[in-house]
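Right, one structure below, let's go through it.
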Amino acid sequence: LWLYSSRGAVSPLNALIILISPPPHSPLVATVGRLDARSSDGHTRRMPVQLQRLTTLAAIDAASWNSLGDGSPFLKHEFLCALEERGCVGPGTTWQPCYVVARDEHGLAGALPLFIKYDSHGEFVFDWSWADAYERAGRNYYPKVVAAIPFTPAPGQRLLLRDGLETGVATALLEAARSTALELGA
């Protein structure tokens with residue numbers, strides 16, 4: 001598992017690159033333990049969280065998605081769906097959506113917008129030399145999974161969380177991404 005930020009420092013909260021092979025064939029659906037959440041009376045209680053991997057945002061309510069994160073226009077449901085609808089990402093492209101979402105008893109709790117990539121076009125991480133080195137070593141660099149906004153060099157948050165959640169949901173989303181990579185032999 002390799003973690004990179006948009007500014008080059010290692011950080012799981014800004015950007016995430018996971019080298020995987022082969023690409024996932026089925027959605028990840030798992031109920032992960034019970035995560036801590038702060039109740040209105042200030043006490044910590046446990047609540048179940050379900051993780052799911054999606055190939056489109058069409059099944060996610062726009063208002064729920066848009067309530068997560070820092071309000072970046074490039075993370076808006078409408079922007080990401082427009083990329084899907086216009087054929088910029090998805091079938092026939094080298095940007096395959098692979099969103100990891102977390103739901104709890106209150107609805108959408110968090111998300112990690114991931115894309116499976118088969119090349120480095122449209123990214124602003126210049127990793128061509130890494131891909132070349134992998135090839136020369138007899139290994140596959142592609143496909144890889146990136147937490148990025150396609151074709152957009154805008155820095156910002158990529159791990160999206162509902163306000164007021166403890167770090168358990170963030171940890172679960174990152175672990176789901178990592179588990180997916182391990183499941184695929186990365």
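What you see below is based on every heavy atom in this structure, not just the backbone, and it leaves out hydrogens, waters and symmetry mates.
The backbone N or O of D70 lies less than 3.5 Å from a partner atom in the side chain of Q157, making a donor-acceptor pair. The main-chain N or O of L108 is found under 3.5 Å from a side-chain atom of R162 such that the two form a donor-acceptor pair. A donor-acceptor contact shorter than 3.5 Å links the side chain of T152 to the backbone of P150. Listed for the R158 side chain is a donor-acceptor partner under 3.5 Å among the backbone atoms of G156. The backbone N or O of A62 sits less than 3.5 Å from a side-chain atom of N66, completing a donor-acceptor pair.
A ring-centre distance under 6.0 Å is not found for Y118 and W95.
Between the side chains of N140 and E135, no donor N or O sits under 3.5 Å from an acceptor N or O. Side-chain atoms of Y141 and D127 include a donor-acceptor pair closer than 3.5 Å. Counting only N and O atoms by type, the side chains of S120 and Y142 include a donor and acceptor under 3.5 Å apart.
Residues A109 and L165 approach most closely at O-CD1, 3.1 Å, considering heavy atoms. The shortest non-hydrogen separation linking C88 to T93 is O-CG2, 3.6 Å. Minimum heavy-atom separation, A58 to C81: N-SG, 4.4 Å. Smallest separation of non-hydrogen atoms from A147 and L114: CB-CD2, 3.8 Å.
Using a 4.5 Å heavy-atom cutoff, the side chains of L173 and L51 are in contact.
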Trace of the side-chain contact (heavy atoms from CB on, under 4.5 Å) decision for I60 with L57: CA-CA 5 Å; I60 300 288; L57 279 186; 4.1 Å; yes
Would you sort out whether D104 and Q50 count as a side chain to side chain donor-acceptor pair (under 3.5 Å), showing the intermediate values? CA-CA 6 Å; D104 63 16; Q50 181 185 48; over 6 Å; no
Residue pair Q96, K117: steps toward the side-chain contact (heavy atoms from CB on, under 4.5 Å) verdict: CA-CA 7 Å; Q96 300 300 310; K117 291 286 289 141; over 6 Å; no
Mind running side-chain contact (heavy atoms from CB on, under 4.5 Å) on L112 and L160 for me, showing each step along the way? CA-CA 6 Å; L112 187 56; L160 312 175; over 6 Å; no
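Rounding to the nearest 0.5 Å places CH2 of W65 at 7.5 Å from CG of L75.
Remark: of the listed residues I149, L83, V89, V89 is the sole one forming a side chain to side chain contact (heavy atoms under 4.5 Å, CB included) with F115.
With a 6.0 Å radius and a threshold of 12 heavy atoms from other residues, nucleotides or ligands, D163 has its CG atom at or below the threshold.
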